[in-house]
There are 2 protein chains.
Amino acid sequence: MRLNFYDYISIFIHQTDLTLTNYIKSKLAPFNLAPEQNLIMMLLWEKDGLTQNEIAEKLKKDKTNIARMVFNLEQKGFIRRQCRENDRRSLKVYLTEEGENLGHSITKITEEFNSLVCKGITEEELKDVRRILGKMCKNVHEDS
Amino acid sequence: MRLNFYDYISIFIHQTDLTLTNYIKSKLAPFNLAPEQNLIMMLLWEKDGLTQNEIAEKLKKDKTNIARMVFNLEQKGFIRRQCRENDRRSLKVYLTEEGENLGHSITKITEEFNSLVCKGITEEELKDVRRILGKMCKNVHEDS
DNA sequence: TCCAATAAGTTGTCATAGCAACTTTTCTGT
DNA sequence: ACAGAAAAGTTGCTATGACAACTTATTGGA
């Protein structure tokens, strides 16, 4: 029996991700911040002075894209990049004052977003979702 | 208490989606088919002769991107577009013979992919994931 | 010590994703 | 019948995401 379009769980997950990303995108837009740029900022608000490589590892993303996103954040004036003195290959990323200040507004928004997404969903259910999605990732990693 | 990076369920979902998409991308690459192009093809294998607008609605995507993806599929020779006789605004999309034949190989691959993703996960758990992710989408839609 | 391997970033290319603005065609209300 | 709205597609723009190929800098082994 052939699977129908919506029987594929990966398609369902993909569409869920698009829905959530689009929503937070609209909330961040007034601050001139895109969703993935925000992820980088979130890391920096937790801990300043990461290298681009460290950011890429934490976000499990290609360093190429990190370089471009960090470049854009620099253009926007939220961060600045500085060469490390002991390793001239790598660049450390620091918040500017503007970037630092942004944190207060954005943290509020992202936590509200998380609350909205999880509204009416129990802690137990969230744990289950994490466990099952984690299992799916493990399944495909083991096959690669 | 400030949320940590990985406490955000949306980030977890996003990273899961990337993992799954990347895997199927590598499986489809030998057939010169990208993941989202494949979604369009899947619709056409189910039912030929959809308009671009109908495809956009089914995939819940912007018609802009559908137009570009369909254009690429046409370049690759998998589909052809034809003006409707009774409405010259809209284009119907038909499989070519090559596109039709592709269906046999690809259906096998996507069903294997779905099995791999769901390995060790019960039907009950899958239903739960669908229900909870669906609830999340509903939550953000209600707020828009 | 010096050559090769490795590491960090950058640039180019392709595919996705959405928004705004536009053309062409069709429909609708008067 | 005709003006204006709406509908289908297209083009331009920005952002994300992965891969390949490249430069520059550092490290490690013979």
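Each chain gets a letter, A, B and so on, in the order the sequences are listed, and its residues count up from 1.
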For A/R80 against A/T96, the heavy-atom pair lying closest together: N-CG2, 4.0 Å
Touch class at under 4.0 angstrom, heavy-atom based, for B/I66 against every strand present: nothing
B/R89 (side chain) and D/dA7 (base): donor-acceptor pair under 3.5 Å: yes
Smallest separation among heavy atoms of A/N139 and B/K119, with atom names: ND2-O, 2.9 Å
From B/R89, B/R84, B/E57, residue fulfilling side-chain contact (heavy atoms from CB on, under 4.5 Å) relative to B/T51: B/R84
Pair B/K108 + B/E112, salt bridge at N-O below 4.0 Å: yes
For chain B, the stretch of DNA chain C it reaches, first to last nucleotide, under 4.0 Å of its heavy atoms: C/dA15 to C/dT26
Centroid separation A/F12 to A/Y6 less than 6.0 Å: no
Close side-chain approach of B/Y23 and B/L28, heavy atoms under 4.5 Å: no
Contact state string [nucleotides 13-22 of chain D, B base, S sugar-phosphate only, - no protein heavy atom under 4.0 Å]: B-SSBBBB--
SB check B/E142 B/K138 (cutoff 4.0 Å): yes
Shortest non-hydrogen contact between A/K61 and B/L18, atoms and distance: NZ-CD1, 3.8 Å
Neighbours of DNA chain D within residues 47-59 of chain B, by heavy-atom distance under 4.0 Å: B/T51, B/Q52, B/N53
Sugar-phosphate only, base, or nothing, as touched by B/R81 at under 4.0 Å among non-hydrogen atoms: sugar-phosphate
Lys NZ or Arg CZ of A/R81 over A/Y94 ring: under 6.0 Å, within 45°: no
NZ/NE/NH1/NH2 to OD/OE distance under 4.0 Å, B/E125 and A/R131: yes
